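Here is the structure we will look at, set down as structure tokens.
What you see below is based on every heavy atom in this structure, not just the backbone, and it leaves out hydrogens, waters and symmetry mates. By convention in this document, chain letters (A, B, ...) are assigned in the order of the sequence lines, proteins followed by strands, and residues within each chain are numbered from 1. Since the structure is predicted, the reported quantities are computational estimates derived from the model, not experimental observations.
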Protein chains: 2
Amino acid sequence: MDGMPRWNAYSQDCPTRLVLDRVADKWTVLVLGLLGDGPVRFNQLRRAVEGLSQKVLSQTLRRLERDGLVSRTAFPTVPVTVEYTLTPLGRTLATAVDALRAWAEDHIEAVLDAQRAYDARTAGGNPGQR
Amino acid sequence: MDGMPRWNAYSQDCPTRLVLDRVADKWTVLVLGLLGDGPVRFNQLRRAVEGLSQKVLSQTLRRLERDGLVSRTAFPTVPVTVEYTLTPLGRTLATAVDALRAWAEDHIEAVLDAQRAYDARTAGGNPGQR
DNA sequence: CAGTATCCTTTATGATACTG
DNA sequence: CAGTATCATAAAGGATACTG
């Protein structure tokens, strides 16, 4: 009961890592958040997330689809329309991810304050640091 | 009430993005998880997370400290001992992050199944793909 | 509209060596 | 032990052009 540390090692192939490596990603979190409200089309997503290029969005969506979190439906209109929706599995994740977004909104001020305090403490000669 | 889409734009300087960009990160999530159980030393963290180099750990910890999520305490032993602990603010985030880790553990199998199914569907000529 | 393919730049990370 | 500094390399991302 003493040789065994309580901080488990996160080995690279443990389940948590396997999923977390994919899911704990900036774009994934944002996209999942947007899909939480219902089906959204590709270009709606791209426009909704500033700084997200179509290349990266495309990669993000394909990964989410592969992971079974999002489903892709193409409608045979001209030009084609494609909707992305959360799967039931994806909805359960979106809930957890939503907690993260809620935390961000609730604590943004505290974080910014901490950053300013840290920078003031730290920087003798590098103020206003990025 | 119709010109206004319900999918808010995540502008690059909106509060959510500002915090999420830092927090929705693989290493951050793992480190926060380990710190949730109590104070941990630098090299304990490094050893606990396979694949995490001291350089990246150092960066991650400094960022967490700057954000006011983690506090760093150096003990004047020889050689020096440094403990990292969650701040009260960090503890609130660790809770949300813990939901993510719990989700990963609960749904890893479903995700892996989805991946296998996707690859089988997709791959005509690229089986066993990474 | 919803992508894929390519090239090229920027960023992140890994290895190594060194300090208090 | 707990880091920082530096350099080389790999990975991610942006711009552009093109397709069904």
Give the intermediate values and the outcome of side-chain contact (heavy atoms from CB on, under 4.5 Å) for residues B:L89 and B:D67.
CA-CA 9 Å; B:L89 183 62; B:D67 290 349; over 6 Å; no

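- Atom CG of residue A:L64 and atom CZ of residue A:R72 lie 13.5 Å apart, to the nearest 0.5 angstrom.
- Taking every heavy atom of both residues into account, B:K26 and A:D21 meet most closely at CD-OD1, 2.7 Å.
- DNA chain C forms stems at C:1-20 with D:1-20, each a run of 3 or more consecutive Watson-Crick or G-U wobble pairs whose two key distances fall under 3.5 Å.
- B:V80 comes within contact range of at least one nucleobase, with a heavy-atom separation under 4.0 Å.
- Side-chain N or O atoms of B:R17 include one that pairs as donor or acceptor with a backbone N or O of B:Y10 at under 3.5 Å.
- Each of B:Q44 and A:V56 lies near DNA chain D, and the nucleotide nearest B:Q44 is the one positioned closer to the 5' end.
- For B:R72, a side-chain nitrogen or oxygen approaches OP1 or OP2 of D:dG3 to under 4.0 Å.
- Atoms CG and CG, from B:L86 and B:L93 in turn, are 8.5 Å apart once rounded to the nearest 0.5 Å.
- Atom C1' of nucleotide C:dA12 and atom CG of B:D21 are separated by 15 Å, given to the nearest angstrom.
- Here A:S58 does not reach the OP1 or OP2 of C:dG3: none of its side-chain N or O atoms lies under 4.0 Å away.
- Going from atom CZ of A:F75 over to atom P of C:dA2 covers 11 Å, rounded to whole Å.
- If you check every strand for non-hydrogen atoms under 4.0 Å, A:Y84 touches sugar and phosphate atoms only.
- Atom CG of B:N43 is separated from atom P of D:dT4 by 13 Å (rounded to the nearest Å).
- The nearest whole Å value for the distance from the CZ atom in A:F42 to the C1' atom in C:dT4 is 10 Å.
- Between the side chain of A:T81 and the main chain of A:F75, no donor-acceptor pair closer than 3.5 Å is present.
- If you take CD of A:E50 and C1' of D:dG14, they are 15 Å apart, rounded to a whole angstrom.
- A side chain to side chain donor-acceptor pair (under 3.5 Å) with A:W103 is found for one member of B:T16, B:T95, B:T92 and no other, namely B:T92.
- The distance between atom CG of A:L57 and atom P of C:dA5, rounded to the nearest whole Å, is 16 Å.
- Rounded to a whole Å, the CG atom of B:L45 is 9 Å from the P atom of D:dA2.
- Considering only side-chain atoms of B:S53, the nucleotide from D:dT4, C:dG14, C:dT13 that sits closest is C:dG14.
- Note that CD of A:E65 is 8.5 Å distant from CG of A:L61, once rounded to the nearest 0.5 Å.
- Closest-nucleotide positions on DNA chain C for A:Q54 and A:P79 were compared, and the one nearer the 5' end corresponds to A:P79.
- Residue A:T81 places no side-chain N or O under 4.0 Å from the OP1 or OP2 atom of C:dC1.
- The phosphate of D:dA2 (OP1 or OP2) has no side-chain N or O of B:R46 nearer than 4.0 angstrom.
- Rounded to an integer number of Å, the gap from CD of B:Q59 to C1' of C:dT11 is 11 Å.
- Closest-nucleotide positions on DNA chain D for B:K55 and B:R41 were compared, and the one nearer the 5' end corresponds to B:R41.
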